[in-house]
Amino acid sequence: SYNREVLHPATNEYDGGSQTANGMSLAVGLVPQARRRAVLRNLVANIRAHKNHLTSGDVGFHYVLNALREGGKGKVICQMLSQRTPPSYAYQLAQGATSLTEAWNANPVHSQDHFMLGDAEQWFYRGLAGLNFDLARPKGEQIVFRPEMVCGIRSARASYDSVLGKVAIRWRHSAAKTEIDVTVPVGETALVYVPGKDRGAVTESGKPATGARGVRWVRSVGKDQEFRVGSGKYRFIARK
């Protein structure tokens, strides 16, 4: 019913083609599978047309970020957040804000401690740092480490004191290698995605990752190697 009412099949856009309309439809899973890629392209094109600025407002921003992250568009998110002209996260910081402001232009007349753009923090954890934690997923897949190394950022780290125990990741990236340190709670398993097309070039604690204790190679996924690890601390290094 939703698609009959607001989807334009000829253009693969929802409603008026706004960032919120396309982003929300993608994020909540209402876009038919055969059209998801096209709708995502339209979302990105809209952002580019606005010179990497968002138009979604406070409510829609949450869905736009989720749609982009799930679609593997971390670079687009980073470029949106780092714009130095409003509306953007970086613009608020450039105006001296130490908390999120209500107005897109950080106008001091409005609230200086607001929820505006707060969903950016979710991407800092799930996207940039790569710490994904979801108890709704099947056992063994509730913890996923998959950092998005974009915008020339060379390192990031994040941790979360979950009900299962502490979950943590720290990564460093250079022209020669990528290092990823992860911590998995006792009794749990996690998936770790290490950049690189050659699994043989990946080590864990100085040994080939494919034969390291507590580590099992699963598959190649795009430009990443997927490993399943048990509880403990691990250091993966992928040399280029």
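Note: hydrogens, waters and symmetry copies are ignored here, and every other heavy atom, side chains too, is used. Nothing fancy with the numbering, it's 1 onward along the sequence.
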> Side chain to side chain contact (heavy atoms under 4.5 Å, CB included), that's the test. Do Asn52 and Ile47 meet it? Break it down for me.
CA-CA 5 Å; Asn52 292 327; Ile47 294 169; 4.1 Å; yes
> What about Leu81 and Tyr91, same hydrophobic cluster or not, with Ile/Leu/Val/Met/Phe/Trp/Tyr joined at side-chain heavy-atom distances under 4.5 Å?
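Cluster IDs for Leu81 and Tyr91 differ.
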> Could you pull out the closest heavy-atom pair between Tyr234 and Ser231, with the gap in Å?
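Minimum heavy-atom separation between Tyr234 and Ser231: OH-O, 3.3 Å.
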> Could you check whether atom CD of Glu121 has more than 12 heavy atoms from other residues, nucleotides or ligands sitting under 6.0 Å from it?
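No, because the 6.0 Å sphere around CD of Glu121 holds 12 heavy atoms or fewer from other groups.
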> Linking I/L/V/M/F/W/Y whenever any side-chain heavy atoms sit under 4.5 Å apart, do Val76 and Ile153 land together?
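As far as the 4.5 Å side-chain criterion goes, Ile153 and Val76 are connected within one cluster.
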> Could you check whether any side-chain heavy atom of Leu191 comes within less than 4.5 Å of a side-chain heavy atom of Asn132, counting everything from C-beta outward?
no
> Please tell me if the side chains of His62 and Met24 come closer than 4.5 Å, counting only heavy atoms from C-beta onward.
no
> For the backbone of Lys233 and the side chain of Asp181, can you confirm whether one donor and one acceptor N or O come within less than 3.5 Å of each other?
no
> Just by distance, with hydrogens left out, do Thr178 and His173 show a side-chain donor and acceptor under 3.5 Å apart?
yes
> State the CZ-OG1 distance between Arg216 and Thr210, to the nearest 0.5 angstrom.
13.0 Å
> State the OH-CE distance between Tyr89 and Met80, to the nearest 0.5 angstrom.
14.0 Å
> Short question: side chain of Gln225, backbone of Lys197 - any donor-acceptor pair under 3.5 Å?
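Checked: pair present.
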> With hydrophobic residues grouped by side-chain heavy-atom distances under 4.5 Å, do Tyr193 and Val215 end up in a single group?
no
> Quick check on the 6.0 Å ring-centre criterion: do Tyr14 and Tyr2 meet it?
yes
> Looking at Asn12 and Asn22, what are the two nearest heavy atoms and their distance?
O-OD1, 4.5 Å
> Do Thr101 and His114 make a side-chain contact, defined as non-hydrogen atoms from C-beta onward lying under 4.5 Å apart?
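Side-chain contact under 4.5 Å: no.
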> Tell me which one of Arg239, Arg172, Arg170 satisfies side-chain hydrogen bond (donor to acceptor under 3.5 Å, both in side chains) with Glu179.
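The residue from Arg239, Arg172, Arg170 that satisfies side-chain hydrogen bond (donor to acceptor under 3.5 Å, both in side chains) with Glu179 turns out to be Arg172.
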> Measure from the side-chain N and O atoms of Arg228 to the backbone N and O of Glu141, and report whether any donor-acceptor pair falls under 3.5 Å.
no
> For the residue pair Asp15 and Ala21, what are the closest heavy atoms and their distance?
CB-CB, 4.0 Å
> Are any non-hydrogen side-chain atoms of Ile180 and Met149 less than 4.5 angstrom apart?
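In contact.
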> State whether the side chain of His53 and the backbone N or O of Thr85 hold a donor-acceptor pair below 3.5 Å, judged by distance alone.
yes
> Mind listing the closest non-hydrogen atom pair of Ser174 and Lys240 along with its distance?
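Scanning both residues, the minimum pair turns out to be O-NZ, 3.1 Å.
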> Does the side chain of Gln142 reach to within under 4.5 Å of the side chain of Leu164, using non-hydrogen atoms?
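Heavy-atom side-chain distance check passes, below 4.5 Å.
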> Determine yes or no for a side-chain-to-main-chain donor-acceptor pair under 3.5 angstrom, with Gln112 supplying the side chain and Asn107 the backbone.
yes
> So if you build clusters from Ile, Leu, Val, Met, Phe, Trp, Tyr with side-chain heavy-atom gaps below 4.5 Å, do Ile169 and Val144 land together?
no
> Within this structure, what is the CD1-OG distance for the pair Ile143 and Ser162, rounded to the nearest 0.5 Å?
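Going from the CD1 atom of Ile143 to the OG atom of Ser162 covers 6.0 Å.
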> Do Phe145 and Val184 come close enough that some side-chain heavy atom pair is under 4.5 Å?
yes
> Can you see which heavy atom on Ala90 is nearest to which on Gln83, and at what distance?
CB-O, 3.4 Å
> Could you walk me through whether Val182 and Phe227 satisfy the side chain to side chain contact (heavy atoms under 4.5 Å, CB included) test, starting with their C-alpha distance in whole Å, then the side-chain angles of each, then the deciding distance to 0.1 Å, before giving a yes or no?
CA-CA 12 Å; Val182 300; Phe227 295 91; over 6 Å; no
> I want to check something: taking the side chain as every heavy atom from C-beta on, are Leu65 and Ile77 in contact at a cut-off of under 4.5 Å?
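Of all side-chain heavy-atom pairs linking Ile77 with Leu65, at least one is under 4.5 Å.
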> Report the C-alpha separation of Arg69 and Glu148 in whole Å, then their side-chain angles, then the decisive distance to 0.1 Å, and conclude whether the side chain to side chain contact (heavy atoms under 4.5 Å, CB included) test is met.
CA-CA 9 Å; Arg69 182 176 59 83; Glu148 297 179 16; 3.8 Å; yes
> Search all heavy atoms of Ala103 against all heavy atoms of His110 and return the closest pair with its distance.
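Looking at all heavy atoms of both residues, the closest pair is CB-CD2, 3.7 Å.
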> Answer yes or no: are there more than 12 heavy-atom neighbours, outside Arg84 itself, under 6.0 Å from its atom CZ?
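No.
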> Report, as yes or no, whether the 6.0 Å neighbourhood of atom NZ on Lys75 holds more than 12 heavy atoms from other residues, nucleotides or ligands.
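No, NZ of Lys75 has 12 or fewer neighbouring heavy atoms, counting only those of other groups under 6.0 Å.
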> Is there a donor-acceptor contact under 3.5 Å from the side chain of Asn42 to the main chain of Thr11?
yes
> Can you tell me how far CZ of Arg48 sits from CG of Leu43, rounded to the nearest 0.5 angstrom?
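It comes to 10.5 Å.
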> Could you tell me if the side chain of Thr20 sits less than 4.5 Å from the side chain of Tyr63, heavy atoms only?
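Result no, sub-4.5 Å side-chain heavy-atom pair not found.
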> I would like to know whether Arg146 and Val221 meet side chain to side chain contact (heavy atoms under 4.5 Å, CB included); could you show each step before the answer?
CA-CA 11 Å; Arg146 194 172 193 176; Val221 184; 3.7 Å; yes
> Does Trp123 use its side chain to pair, donor to acceptor, with the backbone of Cys78 at less than 3.5 Å?
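Not a single qualifying donor-acceptor pair exists.
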> Rounded to the nearest 0.5 Å, how far does CG of Asp224 lie from CZ of Arg199?
15.0 Å
> Is Val64 reachable from Leu30 through a run of hydrophobic residues whose side-chain heavy atoms are each under 4.5 Å from the next?
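They do share one cluster, since a chain of ILVMFWY contacts under 4.5 Å joins Leu30 to Val64.
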> How long is the gap from OG on Ser88 to NZ on Lys51, to the nearest 0.5 Å?
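One finds 14.0 Å between OG of Ser88 and NZ of Lys51.
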> Please confirm whether the ring centroid of Tyr125 lies under 6.0 Å from the ring centroid of Tyr160.
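No; Tyr160 has its ring centre 6.0 Å or more from that of Tyr125.
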